[in-house]
2 protein chains.
Amino acid sequence: MQSPSPSADGRASDLPAYAVLLRTLNRELNRSTLDFAHQHGLHATDIHALSVIMDSAENPDGPATPSRLREELRLTSGAVTACLDRLERAGHISRVRDSADRRVVHLVYNPHARSLAREYFSPLARATEAARSRFSADELTTIATFLGTLNAALAAEHEGPA
Amino acid sequence: MQSPSPSADGRASDLPAYAVLLRTLNRELNRSTLDFAHQHGLHATDIHALSVIMDSAENPDGPATPSRLREELRLTSGAVTACLDRLERAGHISRVRDSADRRVVHLVYNPHARSLAREYFSPLARATEAARSRFSADELTTIATFLGTLNAALAAEHEGPA
DNA sequence: ATAATATTGCTCAATGATTGAGATAGTTTA
DNA sequence: TAAACTATCTCAATCATTGAGCAATATTAT
């Protein structure tokens with residue numbers, strides 16, 4: 001009844017189909033996170049925090065701080081403190097006072113957490129590589145550009161939706 | 001030092017770059033979920049449950065059940081019951097006993113929840129459409145195929161990782 | 001300098017979602 | 001019919017999160 005879609009896989013490229021694909025992807029990624037958290041006696045919150053701390057370490061916006069986590073994870077300050085206490089107690093991260101502004105705490109992850117993170121992302125990396133292997137270099141470039149564009153659009157949605 | 005990558009956006013299509021893109025996407029989608037949940041006095045769990053119930057209604061695997069939610073959301077049975085109590089009390093879903101096997105409860109979402117779900121996915125749909133508008137039909141087909149492949153690979157990871 | 005204001009992260013009692021063991025009701029197998 | 005199994009629910013205990021307030025540091029104005 002809809003467009004006959006001459007290309008072999010074309011039936012799955014309209015907006016509703018994209019919505020289902022993205023929702024499913026979100027669920028799969030969350031499930032990976034939960035499984036990994038359970039395996040290590042941590043909570044989903046802790047893993048998400050670790051993910052933010054990891055990405056902040058490599059990004060030019062500077063190292064992660066408790067305030068940053070509060071915004072990224074939509075937690076209250078008390079919850080952030082508790083989360084960081086858990087991660088620090090388990091040896092994954094350290095709190096380091098900024099020397100310039102001594103109110104600020106920098107969050108750095110220890111070598112221990114580095115290997116933990118590698119382990120966490122290993123199934124994801126395996127699945128991603130399996131999917132990537134089916135596409136050409138040009139196609140992978142297109143897909144990466146799309147993902148970047150989508151991320152930017154989502155970020156714009158909850159920063160200035162008006 | 002790495003491959004010079006002649007294509008304009010090629011630098012962003014290797015595996016580590018994909019990992020960052022997918023982690024960021026996951027965070028953006030979760031943040032949308034949390035923001036929406038807060039706006040409506042619900043919890044992230046409730047929204048995820050609603051999402052599963054929605055997709056189950058349209059999928060051929062049959063309607064959602066508490067057991068299904070327990071697996072999908074990695075919750076215990078007590079938590080599922082509490083979550084469904086909240087959703088039912090707020091009028092979003094109904095529990096319906098299966099007539100064939102009267103131990104089973106089918107979860108259906110009410111018209112009220114249908115409009116709630118539309119509202120929830122509206123920012124996501126807007127962002128997705130904004131990103132989609134930048135790509136050709138062929139490119140969108142490629143991207144959709146990739147997302148489907150990735151979802152299948154992720155599902156395979158936590159069903160039979162061995 | 002000094003006082004007033006703002007910001008960062010923490011403390012702690014209260015709240016409430018989640019856990020986990022068990023109960024209940026229904027189904028299937030022998 | 002009895003026994004074993006399954007789906008869901010109940011409920012006390014646990015523990016992450018909330019939210020108000022505090023301590024320490026930084027900034028700005030006078």
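Keep in mind that this is a model prediction, so the values were computed, not measured. FYI, side chains are in, hydrogens and waters are out, and symmetry mates aren't considered; it's all heavy atoms of this structure.
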Along DNA chain D (nearest heavy atom to each residue), the more 5'-positioned of Val80(B) and Ser77(A):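 It is Val80(B), whose closest nucleotide lies nearer the 5' terminus.
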Arg102(A) vs Thr76(A), nearer the 5' end of DNA chain D by closest nucleotide: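 Checking each residue's closest nucleotide, the 5'-ward one belongs to Thr76(A).
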Verdict with supporting geometry, Leu150(B) and Leu22(B), side-chain contact (heavy atoms from CB on, under 4.5 Å): CA-CA 11 Å; Leu150(B) 178 58; Leu22(B) 291 173; 3.9 Å; yes
For [X] and [N], give me the distance from atom [atom1] to atom [atom2], rounded to whole Å.
{"X": "Leu42(A)", "N": "dT19(C)", "atom1": "CG", "atom2": "P", "value": "15 Å"}
{"X": "Leu73(B)", "N": "dT19(C)", "atom1": "CG", "atom2": "C1'", "value": "15 Å"}
{"X": "His43(B)", "N": "dG16(C)", "atom1": "NE2", "atom2": "C1'", "value": "7 Å"}

Contact residues, residues 85-100 of chain A to DNA chain C [heavy atom, < 4.0 Å]: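 Heavy-atom contacts with DNA chain C come from Arg95(A).
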DNA chain C contacts among residues 29-39 of chain A, heavy-atom distance under 4.0 Å: none
Residues in side-chain hydrogen bond (donor to acceptor under 3.5 Å, both in side chains) contact with Thr142(B), at least two apart in sequence or another chain: none
Heavy-atom pair with the smallest gap, counting every atom of Tyr18(B) and Phe146(B): CE2-CZ, 3.5 Å
Nearest heavy-atom neighbours spanning Ala37(A) and Ile47(A): CB-CG1, 3.7 Å
Does [X] use its side chain to pair, donor to acceptor, with the backbone of [Y] at less than 3.5 Å?
{"X": "Arg70(A)", "Y": "Ser77(A)", "answer": "no"}
{"X": "Thr24(B)", "Y": "Val20(B)", "answer": "yes"}
{"X": "Arg97(B)", "Y": "His106(B)", "answer": "no"}
{"X": "Asn151(A)", "Y": "Glu28(B)", "answer": "no"}

Within one Ile-Leu-Val-Met-Phe-Trp-Tyr cluster: Tyr109(B) and Val80(B), side-chain cutoff 4.5 Å: yes
ILVMFWY cluster, Leu34(A) and Leu73(A) together (side-chain gap under 4.5 Å): no
Test side-chain contact (heavy atoms from CB on, under 4.5 Å) applied to Leu84(B) and Val105(B), step by step: CA-CA 11 Å; Leu84(B) 295 176; Val105(B) 166; 6.0 Å; no
Nucleotide interval of DNA chain D bounded by contacts with chain B (heavy-atom cut-off, under 4.0 Å):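 Boundary nucleotides touching chain B, in 5' to 3' order, are dT6(D) to dT10(D).
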Terminal axis angle for the helix from dA1(C)-dT30(D) to dA30(C)-dT1(D), five pairs an end, nearest 10 degrees: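 Axis angle across the helix from dA1(C)-dT30(D) to dA30(C)-dT1(D), nearest 10°: 30°.
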Nucleotide nearest Arg103(A) (side chain, heavy atoms from C-beta), chosen from dT27(C), dT19(C), dT7(C): dT7(C)
Pair Asp85(A) + Arg95(A): basic N to acidic O under 4.0 Å: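 The answer is yes: the pair qualifies as a salt bridge.
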Sequence neighbours excluded - salt bridge (charged side-chain N to carboxylate O under 4.0 Å, His left out) pairs with any residue from residues 37-50 of chain B: Asp46(B)-Arg86(B)
